[in-house]
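In what follows, a structure is listed as structure tokens, so that the remarks can point back to it.
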Amino acid sequence: MKVVHTIEELRDQLRGQLRVSFVPTMGNLHQGHLSLMKLARQHGDPVVASIFVNRLQFGPNEDFDRYPRTLEVDIEKLERERDVYVLFAPHEKEMYPEPQSYQILPPADLGGILEGEFRPGFFTGVSTVVLKLFSCVQPQVAVFGKKDYQQLMVVRHMCRQFQLPVKIIAHETVRDTDGLALSSRNRYLSEHERAEAPQLYACLQGIRTRLLAGASNPDELTQEAAAFLTARGWDVDYLTLRRQRDLCAPSPEEIRSAEPLVILSAAKLGATRLIDNLEVF
Ligand code: PAF
């Protein structure tokens, strides 16, 4: 695997390649990331991965400074798996040589709700860096995890809006054996918090089971689950049932007629904010 830090080196490595498959990450790679790379390999060759902790998508009180940066270990993991041909790990000056004056602002009805409401500017930061990374790598295919469900939708929407010739492939969320979705932020959890963390997914599963059994009262179900988590010490930002196609709330008729839905949630356990989701129907 070649490790490159500049756009020039990256372009040298990729010259003439027509089936580039790309996985953008912020590093601190875990099994979830590694399976994105495996899926990328099924859809193109060569596979390019990037590791870049994008300041623009972090709020002023978020964890940009303490976000785990583990490049050497990440490289070892990628070398072991042998799925990635080039790792692009740019320095900040390479991606943002001057203050970023053009930014990609997703529409408020997609980028301003849920995560966008609790993390203002987050999807502007993500969209801007993903567009820049696409411009550097020029992939034909890019793989994103469903764990960041809304991010996946924002990226797909951006590709449609700008006619980007990149096929976006979604990978199912990778979970630990107890159900906790893998995330670089799980490493912030204390032992006690780590033991509690799977309760979030358990709540989503409980709601899904009841919807599949015919329940058509999503507000009751989600409020009950949020109250359950709050009583156990969680601070719930949102826990809500939405349509998969646009993340709007479904009507009772849509719930009865098995419209594809998704339960989305974000909640803090101590200082750590976890997100998760589960598709229904
Ligand atoms: O999901 C992530 O790791 C990041 O949001 C991404 C897509 C790499 C953009 O910085």
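When a ligand or atom number is given, it counts from 1 through the structure's own listing order. What's counted below: heavy atoms across the whole structure, side chains too, no hydrogens, waters or symmetry copies.
- At under 3.5 Å, not a single nitrogen or oxygen of Thr25, backbone or side chain, sits near a nitrogen or oxygen of ligand 1.
- A donor and an acceptor atom, one from each side chain of Tyr188 and Asp63, are located under 3.5 Å apart.
- Close approach to Val129 involves these atoms of ligand 1, each under 4.0 Å from a residue heavy atom: 9 (C), 10 (O).
- Tyr67 and Asn54 share no side-chain donor-acceptor pair at under 3.5 Å.
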side-chain contact (heavy atoms from CB on, under 4.5 Å), that's the test. Do Phe64 and Val53 meet it? Break it down for me. CA-CA 8 Å; Phe64 175 75; Val53 184; 3.8 Å; yes
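- Ligand 1 has no nitrogen or oxygen under 3.5 angstrom from a nitrogen or oxygen of Asn54.
- When each atom of ligand 1 is checked for a heavy atom of Gln151 under 4.0 Å away, the hits are 1 (O), 2 (C), 4 (C), 5 (O), 7 (C).
- Residue Asp176 is tested with Arg194, Gln31, His30 for a side-chain hydrogen bond (donor to acceptor under 3.5 Å, both in side chains); the sole match is Arg194.
- Considering only non-hydrogen protein atoms, atom 10 (O) of ligand 1 sits nearest to Gln57 OE1, 2.7 Å.
- Ion pairing between Asp237 and Lys268 holds under the 4.0 Å rule for side-chain N and carboxylate O.
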